[in-house]
Amino acid sequence: MARIGVEESLTDVQQQLQEQGHEVVTLRQESDANRCDCCVITGQDQNMMNIQNTTLDGSVINAHGFNSNEVCEQVEQKLQQ
């Protein structure tokens, strides 16, 4: 299965993705996103300084406003693309 980076506060999303068989990495710092196929963020501190350089080749999913089921569905859709 895929390697998914998930921000620390999204424990329900982490648990659900693990139950689906994915390897879940807790995102605490920028280097944690290395080798992740997809990352899920809370969106609360989303690029306030407008920095354009990225370290991730995969998709980034903003979980703000979505429940854990909806976020996991978005992850699955991104992984199938």
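All figures in this text were calculated on a predicted structure; none of them were measured in a lab.
Rounding to the nearest 0.5 angstrom, the gap separating the CE atom in Met1 from the CG atom in Leu79 is 7.5 Å. Rounding to the nearest 0.5 Å gives a distance of 6.5 Å between CD1 of Ile61 and NZ of Lys78. Thr11 contributes atom OG1, which lies 11.5 Å from atom CD of Gln16 (distance to the nearest 0.5 angstrom). Remark: Gln14 CD to Glu7 CD distance equals 10.0 Å, nearest 0.5 Å. Taken to the nearest 0.5 Å, the CG atom of Asp37 stands 9.5 Å off from the OG atom of Ser59. In this structure, the separation between SG on Cys72 and CD on Gln77 is 11.5 Å, given to the nearest 0.5 Å.
Considering all non-hydrogen atoms of both residues, Gly5 and Cys36 come closest at N-SG, 3.7 Å. Contact detail for Asp32 and Thr26: the closest heavy-atom pair is OD2-O, 3.4 Å. For the pair Val40 and Val71, the tightest heavy-atom approach, listed with the atom from each and the gap, is CG1-CG1, 3.6 Å. Of all the heavy atoms in Arg35 and Arg3, the pair that sits closest is O-CD, 3.0 Å.
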Candidate pair Leu10 and Thr42, rule side chain to side chain contact (heavy atoms under 4.5 Å, CB included), full reasoning: CA-CA 7 Å; Leu10 297 170; Thr42 61; 3.8 Å; yes
The test is side chain to side chain contact (heavy atoms under 4.5 Å, CB included); show your working for Ile41 and Val60 and say whether it passes. CA-CA 7 Å; Ile41 61 170; Val60 176; 4.0 Å; yes
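Checked by atom type and distance alone, the side chain of Glu70 pairs as donor or acceptor with a backbone atom of Asn67 at under 3.5 Å.
The closest side-chain heavy-atom distance from Glu23 to Ile4 is not below 4.5 Å.
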